[in-house]
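Single-structure report; data block below.
Per chain, numbering begins at 1; letters A, B, ... match sequence-line order. Just so you know, these numbers use all the heavy atoms, side chains as well, and skip hydrogens, waters and symmetry mates.
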Number of protein chains: 2
Amino acid sequence: MSGTKSRRRGAKLEQAILDAAWAELREVGYARFTVEAVAGRAGTSKPVIYRRWRSRAELALAAWYRQVPADQGTPDTGTLRGDLLAMFSRIARGADSMMNEMVAGVMGEAFRHPEVAALLGDRLTRPSPLTSAMETIIGNAVARAELPPVDPPHRVKRLPLDLIRNESITSCGTPLSDEALASLVDDVYVPLLRGLATVQQAD
Amino acid sequence: MSGTKSRRRGAKLEQAILDAAWAELREVGYARFTVEAVAGRAGTSKPVIYRRWRSRAELALAAWYRQVPADQGTPDTGTLRGDLLAMFSRIARGADSMMNEMVAGVMGEAFRHPEVAALLGDRLTRPSPLTSAMETIIGNAVARAELPPVDPPHRVKRLPLDLIRNESITSCGTPLSDEALASLVDDVYVPLLRGLATVQQAD
DNA sequence: AGCCTTTAGATACTTTGCGTTTCTTATAGT
DNA sequence: ACTATAAGAAACGCAAAGTATCTAAAGGCT
């Protein structure tokens, strides 16, 4: 309880800031995410943060990027539709979806801070645990002969994330209903896979 | 040339404000869209605007909604792929796409102004000239026997807009390349239509 | 150990833009 | 002509981004 003030530096401090930023993002969302609150929560001050990241947007992205998406395994319900519904709902409820507000917010600022645009685009399109889970699900369906053999292009593997992000943005924060997810699966994704399979078979 | 200052009221003034707002949106985008600039351009002042719309976001949406999308007809190139490419590229270059930054920006503010969320969602999902153009394109392809008969659900008709909006947001303002559009058509939309058609034939 | 470079942390500042308040006075309805 | 309404001007409060200045702690170096 003496007045000795311990001062963190370097990596340790950086981690503390990013942890605080992530906690803030989860608690208040990007719209109310302020650098001052992050500084306060991390027990430091604004200049320390601005020495490391050029803007609020970059800080938020850095905090997000550090979160390793927990690999939750791949659903295996015995049917393609069941697996897809489980997967879509996991995506829609998971942390990735919580970040859709942030994606929109950051993009809204990208005109003023063009540097962040590249960072963001990269994160959104890169292969991830989710895209490989899609591979597995599709592979399983092929093995069960629910689908003809098919080799989906990368765009199709990232499509669930894209569809759900778009749905999330267009419904402006309202949590996605089961009906909406079912519509994405039944009206779009399953037919797409069938179509891909028949086209590729014709080769 | 006398000092007589004419003062507009009611509908006339409202139109002038919305015109000014639309002009601002097109010139500087939503990120730099300020109420003061709109007031200045319309030759009026901020309180007049805030008496009519509760926030910057609502003003921007109102200006956008007033723009009637010019019906540019439906492409008819003789092939499904050609029609789709023409359509996708029209969407990607048109005013609707210019508004993607705004969609993101408004959504980013939706947490603070939940009222606007509903307005926005409605506009994005409603049937429009674009969805009926999709109907026509698909109908033409069926007539040419490029596709088995198919009755696409509404979600599929709005999908081009959704795909392009998402692409626009994830590439943060960079204009979409022809390759990206081709990938949306070839990897996603055409296979989806084929898949839908075969599934519906099985009924 | 003691010096010295680095940089954390505190504080206060500038700027920008939203949304409001107050007041004057033109406009439209009766 | 009288009166209610609402336009327009100016200034304000406020929040939050980003910057500048200063101090003193941390940790490397000799």
- Item | Results of side chain to side chain donor-acceptor pair (under 3.5 Å) for A/R56 - residues two or more places apart only | A/E109
- Message: Tell me whether B/Y65 contacts the main-chain N or O of B/L119 through its side chain, where contact means a donor paired with an acceptor under 3.5 Å.
- Response: yes
- For B/R155, enumerate each residue passing the side chain to side chain donor-acceptor pair (under 3.5 Å) test, keeping only those at least two apart in sequence or located in another chain. A/E167, A/S183
- Exam field: side chain A/R144 to backbone A/G78, donor-acceptor pair closer than 3.5 Å: yes
- Item | Residues in side chain to side chain donor-acceptor pair (under 3.5 Å) contact with A/T136, at least two apart in sequence or another chain | none
- Item | Protein-nucleotide distance (B/K12, atom NZ; D/dG8, atom P), rounded to Å | 13 Å
- Message: Against B/L25, only a single residue in B/M102, B/R32, B/Q67 fulfils side chain to side chain contact (heavy atoms under 4.5 Å, CB included); can you say which?
- Response: B/M102
- Query: Between the side chain of B/T44 and the main-chain N/O of B/G40, is any donor-acceptor distance below 3.5 Å?
  - Reply: no
- Message: Measure CD/B/E58 against C1'/C/dG19 and give the value in whole Å, please.
- Response: 13 Å
- Can you tell me the distance, in whole Å, between the CD1 atom of B/I17 and the C1' atom of D/dG8? 11 Å
- Task: Ignoring hydrogens and angles, answer whether the base of D/dG8 and the side-chain atoms of B/K46 contain a donor-acceptor pair closer than 3.5 Å.
- Result: no
Could you pull out the protein-nucleic contacts involving nucleotides 1-7 of chain D (nitrogen or oxygen on both sides, under 3.5 Å)?
| unit_1 | atom_1 | unit_2 | atom_2 | d |
| --- | --- | --- | --- | --- |
| D/dT5 | O2 | B/R9 | NH2 | 2.8 |
| D/dA6 | O4' | B/R9 | NH2 | 2.4 |
| D/dA7 | OP1 | B/R52 | NH1 | 3.4 |
| D/dA7 | OP1 | B/R52 | NH2 | 3.0 |
| D/dA7 | OP2 | B/R51 | NH1 | 3.1 |
| D/dA7 | N7 | B/R51 | NH1 | 3.3 |
| D/dA7 | N3 | B/R7 | NH1 | 3.0 |

- Item | d(CZ, A/R56; C1', D/dT19) in whole Å | 18 Å
- Query: Do B/D178 and B/R93 sit within salt-bridge range, that is, some charged N less than 4.0 Å from a carboxylate O?
  - Reply: yes
- Note on the structure: note: A/Y50, atom OH; C/dC13, atom C1'; distance rounded to Å ~ 14 Å
- Item | Rounded interatomic separation in angstrom, taking OH from A/Y30 and C1' from D/dA17 | 11 Å
- Item | Whole angstrom value for the distance that separates P of C/dA8 from CD of A/Q15 | 14 Å
- Query: With sequence neighbours excluded, what pairs up with B/E24 under the salt bridge (Lys or Arg N to Asp or Glu O under 4.0 Å) test?
  - Reply: B/R41
- Message: Within residues 31-41 of chain B, which residues have any heavy atom lying less than 4.0 Å from an atom of DNA chain C?
- Response: B/F33, B/T34, B/V35
